[in-house]
**Student:** 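Quick one: structure below, then a few questions.
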Number of protein chains: 2
Amino acid sequence: MCGISVGMEMKPYLTPKQEKVLNFIRKRIGERLPPTIREIGEELGFKSTGTVRDYLKVLIQKGLVKRMNNKSRAIELTERASFKIPIIGTITAGKPNLAYEEIQGYVDADDLFLGRLGFDDVFALRVKGDSMIDAGILEGDVAVIKKRPNADNNDIVAALLDNNEVTLKRLRSRSGKFHLEAANPNYAPIFEEFKVIGKLITVIRKY
Amino acid sequence: MCGISVGMEMKPYLTPKQEKVLNFIRKRIGERLPPTIREIGEELGFKSTGTVRDYLKVLIQKGLVKRMNNKSRAIELTERASFKIPIIGTITAGKPNLAYEEIQGYVDADDLFLGRLGFDDVFALRVKGDSMIDAGILEGDVAVIKKRPNADNNDIVAALLDNNEVTLKRLRSRSGKFHLEAANPNYAPIFEEFKVIGKLITVIRKY
DNA sequence: TGACAATACACACAAATGTGTGGTATATCT
DNA sequence: AGATATACCACACATTTGTGTGTATTGTCA
């Protein structure tokens, strides 16, 4: 009922040349440095910078590319580059066929654990201790946190305590007042003063 | 006792200022576009482009950065590119300073959950059920699996059972024979025939 | 004391890069 | 025929960006 159009972006029609320009930009960005206007022209065989600018103009108009004025190489792709992992099936959901023909879809690897958050908002902490063990968060896990000064009831948050310690706990409100709760019966709830630093968005564990 | 040298690349000594310059470059590259010399100067508070060039010179000399001549923004990191999440601290390790100047290091995000494995070897399964709950693997988690026909004792593996079902379990050997064990006392060990599909290398959970 | 490295600035100049205006030609659609 | 989109080029100009040379201060080490 909902979500019919999720991920259903209408791809604008591109002429073959426009496609080539876009692909060159993609390639260069993938290789590190976005190209200058003249570099694009050189590659595509255009003798005039004006020509390239015409192409950029349409690509911008079609929403595929963004630019900043008066900045060298300031060409950005609207689409998300990053590499993807195939989702082949679900555990206990039957025999997965590992052939690429059977791939059900893709997880955008970046997206998977960072969402579309900006770089500045996100940082990682390595988990120490077992206070969140019942929430499936173990020692050594990497907790990816999105900076936020507040959070909602039941969110898992990174909080700064009075003793200048940072801890990962579940935020709970009881009769209007917030406190912190471990996910481990051996730890008592924390009712002292604390400050929410950010909200847990992802846990990553390597074996 | 073992692993002393794991990940112990000899890092050239950097002064705090040099570190800051490097971190700013990292940040900008992470955000898409490497900075110009003047942008670095502006950020770090240098009034002369010469100062910035001095810093770049040492960073190049110390092998941390590469440049191309006469090309705008042509600053490259020597370290593995892909995008990185800063590690700012460890949970319960004190108050993290969220400024990029204080960044302790980086997790290579790609590396973090894929290792250096090739794309072809890796696939993902979404976890269903609670059979591995005591190992901190919850319903809904994404299990990243590296294809392998075998595994070692105590590895968590994706295994294909006789009834054509795939399950995530811990591989155990008892007197030379392998069987599968859940991480949940409600589930009995599996002694029937099975085939190891791959080994769990990473778990990712989104909130 | 002298050498050296780190830290910084000023400023001129050259090269790279982006902007803007105007022009030509071809094909398609109405 | 006129409007419109695609597909180019020329070239002047402004701005950004990189380069190069000199100078100065501070602290350390021999």
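By convention in this document, chain letters (A, B, ...) are assigned in the order of the sequence lines, proteins followed by strands, and residues within each chain are numbered from 1.
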**Student:** Find the distance between CZ (A:Arg28) and CD (A:Glu43) and round it off to the nearest 0.5 Å.
**Tutor:** 7.0 Å

**Student:** Rounded to the Å, how far apart are A:Lys57 NZ and D:dC8 P?
**Tutor:** 15 Å

**Student:** Show your reasoning for whether side chain to side chain contact (heavy atoms under 4.5 Å, CB included) applies to A:Ile133 and A:Leu138.
**Tutor:** CA-CA 6 Å; A:Ile133 198 166; A:Leu138 313 182; 3.7 Å; yes

**Student:** Find the distance B:Arg73:CZ to D:dT15:P and express it as a whole number of Å.
**Tutor:** 17 Å

**Student:** What is the distance from CD1 of A:Ile40 to P of C:dG18, rounded to the nearest Å?
**Tutor:** 8 Å

**Student:** Does a donor on one side chain and an acceptor on the other come within less than 3.5 Å for B:Asn150 and B:Arg148?
**Tutor:** yes

**Student:** To the nearest 0.5 Å, how far apart are OG1 in B:Thr49 and CG in B:Leu56?
**Tutor:** 10.5 Å

**Student:** Any side-chain N or O of A:Asn69 below 4.0 angstrom from OP1/OP2 of C:dG18?
**Tutor:** no

**Student:** Tell me: NZ of B:Lys20 to C1' of C:dA8, nearest whole Å?
**Tutor:** 15 Å

**Student:** Of all the nucleotides listed (C:dA10, D:dG20, C:dA8), which has the minimum atom distance to the side chain of B:Lys17?
**Tutor:** C:dA8

**Student:** At less than 3.5 Å, do the side-chain atoms of B:Ser48 and the base atoms of C:dA10 form a donor-acceptor pair?
**Tutor:** yes

**Student:** With the side chain of B:Ser72 defined as its heavy atoms from C-beta on, choose the nearest nucleotide among D:dT19, C:dT17, C:dG20.
**Tutor:** C:dT17

**Student:** Can you tell me how far C1' of C:dT19 sits from CE of A:Met68, to the nearest Å?
**Tutor:** 16 Å

**Student:** Among D:dA7, C:dT19, D:dG18, which is the nearest nucleotide to the side chain of B:Ile37?
**Tutor:** D:dG18

**Student:** Can you tell me how far CZ of B:Arg32 sits from CD1 of A:Ile75, rounded to the nearest 0.5 angstrom?
**Tutor:** 13.0 Å

**Student:** Would you tell me if any nitrogen or oxygen in the side chain of B:Thr15 comes within less than 4.0 Å of OP1 or OP2 on C:dT7?
**Tutor:** yes

**Student:** Between B:Arg53 and D:dG18, is there a side-chain N or O to OP1/OP2 distance below 4.0 Å?
**Tutor:** no

**Student:** In whole angstroms, how far is the C1' atom of D:dG18 from the CZ atom of B:Arg67?
**Tutor:** 7 Å

**Student:** Does OP1 or OP2 of C:dA6 have a side-chain N or O of B:Tyr55 closer than 4.0 Å?
**Tutor:** no

**Student:** State whether the number of non-hydrogen atoms from other residues, nucleotides or ligands found under 6.0 Å of B:Gln61 atom CD is greater than 12.
**Tutor:** no

**Student:** Can you tell me which nucleotide in C:dT19, D:dT19, C:dT17 comes closest to the side chain of A:Thr49?
**Tutor:** C:dT19

**Student:** May I have the distance from B:Phe46 (atom CZ) to D:dT17 (atom P), rounded to whole angstrom?
**Tutor:** 18 Å

**Student:** Nearest whole Å is fine: how far is D:dT17 C1' from A:Leu33 CG?
**Tutor:** 13 Å

**Student:** As a test of reading the structure: which of D:dC9, C:dC9, C:dG18 is closest to the side chain of B:Asp54, going by heavy atoms?
**Tutor:** C:dC9

**Student:** So, under a plain 3.5 Å distance rule, would you say the side chain of B:Arg38 forms a donor-acceptor pair with the base of D:dG18?
**Tutor:** yes

**Student:** Could you work out which one of C:dC9, D:dC9, D:dG18 sits closest to the side chain of B:Asn70?
**Tutor:** D:dG18

**Student:** With a cut-off of less than 4.0 Å, is there a side-chain N or O of B:Lys71 near OP1 or OP2 of C:dT17?
**Tutor:** yes

**Student:** Looking at D:dG18, C:dA6, D:dC8, which one has an atom nearest to any side-chain atom of A:Thr51?
**Tutor:** D:dC8

**Student:** On DNA chain D, nearest-nucleotide positions of A:Gly50 versus A:Val58: which is more 5'?
**Tutor:** A:Val58

